[in-house]
**Student:** 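Have a look at this one.
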Amino acid sequence: MLICCQIYYHNGLQYLHTMVMVKYSFFISGIIFRRGLSTSTSTIYALSTAPGRAALGVIRLSGPRSQRILQRLTRFAKPSPPRTASLRRLYAPTVTTSSPASEILDDALTLFFPAPNSYTGEDVVELHVHGGRAVINAVMDAVRAYGREPEDDNLARESGEVGAPVRYADPGEFTRRAYANFRMDLTEVEGVGGMIDAETEMQRVAAISAAGGYMRMLYNSWQAELLEISALMSAIIDFSEEGYFDTSGSLFHDSIANTSKLLSSIQKHSYQIERSEILLSGVKLALLGPPNAGKSSLLNLLARRDAAIVSTTPGTTRDIVEIGLEIGGYKVVLTDTAGLRLASVVGDVEAQGIIRAKRASADADVVIAVIPAVMEDPEWHQVVKDEILTLQEIGVDNIFDNYSLDPGPSPGKTIIVALNKTDMLQDPERELPVLVSQISKELNIIEDRIFPISCTEGEGVDKLMQKLVKSFEGLANLGSEAPIGASLRVQEIIRNDVVPSLQRFLEHAQDDDVVFASEEIRYAAEAIGRITGETIAVEDVLGVVFSRFCVGK
């Protein structure tokens with residue numbers, strides 16, 4: 001154990017800060033930072049591309065015997081040049097037939113990344129081979145066989161490679177070793193997982209902010225500020241006389257001001273995460289309208305496939321039809337619903353479908369009211385009108401009701417009108433402006449949200465989709481900022497640990513309770529450490545974080 005002392009200055013005053021170092025971990029104000037969790041001498045390998053027939057397959061190795069296995073595979077005595085792609089022939093350890101070709105496995109592109117400047121922080125080898133199953137299986141069998149060969153040279157003994165196992169990797173083990181060897185923190189690990197799972201452009205943008213280290217830098221800056229505040233609070237306690245804490249000086253007031261400012265920043269960040277969640281998990285988009293309005297036809301146009309049955313018979317869609325798709329880079333869950341008409345003219349099954357249609361529209365983030373330009377039954381028109389006016393009163397569900405940062409009142413539900421079947425109008429240029437103005441007044445919807453379309457001809461659909469994308473952007477209210485992706489684990493730590501601790505600090509500070517206030521700062525800093533994985537208690541979350549990864553990552 002080593003005790004270090006650091007002298008720092010604040011407002012012209014000199015203070016002493018103590019640091020206790022124990023082996024590879026160190027403590028500051030009770031916070032424990034991890035150092036070098038990976039002590040494994042094993043070498044792992046796995047197929048890092050999707051299994052199955054493909055043009056290429058990438059086999060990745062990581063560990064102390066990676067380079068030696070590469071030399072045995074290629075029969076090159078000299079080590080491969082670092083970070084340089086080389087075309088090499090791979091050879092099998094044993095010959096299966098008398099033909100000379102039987103010892104050749106494949107002609108592959110090989111790369112060697114020496115430690116510590118590699119993905120895992122260890123020696124890493126990548127073999128880019130042809131993607132046939134037989135080729136990949138043969139190369140991996142050779143890797144396993146060469147890994148079992150005894151090493152009898154001095155270099156192997158000195159490096160500890162003798163007897164070190166070579167085995168197939170566990171799911172997420174490559175990334176887990178990268179985390180253990182300081183190549184990334186937990187937010188970057190989760191960002192890598194997000195990049196792998198990203199299905200839309202917005203999900204990719206959100207994941208890259210974490211995988212690229214931007215979240216790590218932000219959280220580390222928070223922790224650094226908390227450590228500074230903790231040091232100021234410790235100075236007040238350490239230099240108190242006979243239990244009297246001077247809470248009237250600048251140190252104490254600076255601590256309160258800095259904490260209050262930091263709390264506001266953290267709350268804003270958490271608010272942005274939750275707003276982004278709408279876009280990342282999928283915008284709920286519902287189609288609403290009378291029977292035969294063309295809702296299923298519009299769904300097929302948006303999905304670019306025949307996802308719903310289209311018929312001229314009213315009431316064809318009786319249940320919820322839900323599909324996932326991407327519109328303008330946003331993940332969308334699109335719901336087609338039963339046509340709305342009077343309960344007196346429908347059977348029990350269709351009546352249940354209408355109830356579900358109303359419920360789906362009430363739950364949706366955005367509703368497209370599909371109204372035919374030529375209304376077949378005026379009574380249906382009144383039913384749809386009443387439902388749209390009801391939706392406008394409901395508004396959207398405010399997911400931030402329980403959140404400490406009040407975002408203001410819940411906005412009204414976004415309702416867009418698709419005025420369909422315009423191709424059936426005799427004089428569209430004269431009739432459309434009148435129809436648009438009439439619908440705008442009856443439904444209390446501005447004309448900019450009414451789009452004449454023809455699902456049969458495909459006219460006007462592009463403008464409708466452009467309006468949908470703008471509506472999706474407005475849902476998150478992020479302005480020019482990119483969406484922020486954070487796992488449920490991170491959100492819960494911020495919401496349940498960091499923010500409450502800082503709020504309690506301010507409460508204790510108002511009561512001049514310096515000791516309890518100082519403890520709350522320590523709790524908040526520890527909580528942020530759990531986000532990035534910089535505390536000793538991180539083993540509790542490692543299993544959850546890495547369990548989602550594929551084997552070769």
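The figures that follow rest on heavy atoms only: side chains count, while hydrogens, waters and symmetry mates do not. Quick caveat, the model's predicted, so the values are computed rather than measured.
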**Student:** Would you say Q223's side chain and A525's backbone share a donor-acceptor pair under 3.5 angstrom?
**Tutor:**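 Yes, Q223 side chain to A525 backbone: donor-acceptor pair under 3.5 Å.
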**Student:** Would you give the length of the straight line joining atom CZ of R522 to atom CD of E526, rounded to the nearest 0.5 angstrom?
**Tutor:**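 Here the interatomic distance stands at 4.5 Å.
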**Student:** Could I get the full list of ring-ring contact (aromatic ring centres under 6.0 Å, His included) partners for Y330, not counting sequence neighbours?
**Tutor:** F472
**Student:** Checking K284 side chain against D363 main chain: does a donor-acceptor pair fall under 3.5 Å?
**Tutor:**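 Indeed, once roles are kept as given, a pair shorter than 3.5 Å links the two residues.
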**Student:** Tell me whether R83 at atom CZ has more than 12 heavy atoms from other residues, nucleotides or ligands lying less than 6.0 Å away.
**Tutor:** yes
**Student:** So, does S66 use its side chain to make a donor-acceptor pair with the main chain of G63 at under 3.5 Å?
**Tutor:** yes
**Student:** One thing to verify: whether D170 and R176 come together as a salt bridge, which I'm taking to mean a side-chain N less than 4.0 angstrom from a carboxylate O.
**Tutor:** no
**Student:** To the nearest 0.5 Å, what is the distance between CD on E277 and CG on L488?
**Tutor:**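 These two atoms lie 8.5 Å from each other.
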**Student:** Rounded to the nearest 0.5 Å, what separates atom CD1 in I494 from atom OH in Y219?
**Tutor:**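 Interatomic distance, I494 CD1 to Y219 OH, rounded to 0.5 Å: 4.0 Å.
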**Student:** Give a yes or no on whether the backbone of K467 and the side-chain of S471 come within a donor-acceptor separation of less than 3.5 Å.
**Tutor:** yes
**Student:** Just by distance, do the side chain of S42 and the backbone of P165 share a donor-acceptor pair under 3.5 Å?
**Tutor:**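 No; judged by distance alone, with no hydrogens or angles, the pair does not exist.
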**Student:** Looking at side-chain heavy atoms only, is the closest gap between L73 and I69 below 4.5 Å?
**Tutor:** yes
**Student:** How long is the span from the CG atom in L299 to the CD1 atom in I323, to the nearest 0.5 Å?
**Tutor:**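 Answer for the CG-CD1 pair, L299 versus I323, is 4.0 Å.
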**Student:** Tell me whether S209 contacts the main-chain N or O of Y214 through its side chain, where contact means a donor paired with an acceptor under 3.5 Å.
**Tutor:** no
**Student:** Can a donor-acceptor pair be found, under 3.5 Å and without considering hydrogens, that links the side chain of R489 to the backbone of I531?
**Tutor:** yes
**Student:** Can you tell whether the side chains of K261 and E225 come within less than 4.0 Å, N to carboxylate O?
**Tutor:** no
**Student:** Return the CD1 to CG distance between I416 and L288, rounded to the nearest 0.5 Å.
**Tutor:**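 Separation between the atoms: 13.0 Å.
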**Student:** Per the salt bridge (charged side-chain N to carboxylate O under 4.0 Å, His left out) rule, what does the pair list look like for residues 202-218, sequence neighbours excluded?
**Tutor:** E188-R216, E201-R204
**Student:** I'd like to know if the side chain of S276 reaches the main chain of Q272, judged simply by a donor and an acceptor atom lying under 3.5 Å from each other, with no hydrogens or angles considered.
**Tutor:**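 Present.
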**Student:** By ring-ring contact (aromatic ring centres under 6.0 Å, His included), which residues pair with F516, not counting sequence neighbours?
**Tutor:**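 Expected list: H508.
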**Student:** Does the side chain of R65 pick up a donor-acceptor pair with the side chain of Y146 at under 3.5 Å?
**Tutor:** no
**Student:** Strictly distance-based, threshold 3.5 Å: is any side-chain N or O of T259 a donor or acceptor partner for the main-chain N or O of A257?
**Tutor:**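 No, the answer is negative, given that no donor and acceptor are paired below the 3.5 Å cut-off.
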**Student:** Just how far is it from atom CG of L47 to atom CG of N137, taken to the nearest 0.5 Å?
**Tutor:** 9.0 Å
**Student:** Could you check whether E507 pairs with R504 (Lys NZ or Arg NE/NH1/NH2 to Asp/Glu carboxylate O, under 4.0 Å)?
**Tutor:**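 Result for this pair is no, no salt bridge flagged.
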**Student:** Distance-only, no hydrogens or angles: does the D185 side chain make a donor-acceptor pair with backbone N or O of T187 under 3.5 Å?
**Tutor:**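 Indeed, once roles are kept as given, a pair shorter than 3.5 Å links the two residues.
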**Student:** Are a donor atom and an acceptor atom from the side chains of E122 and S62 found within less than 3.5 Å of each other?
**Tutor:**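 Indeed, the side chains of E122 and S62 share at least one donor-acceptor pair under 3.5 Å.
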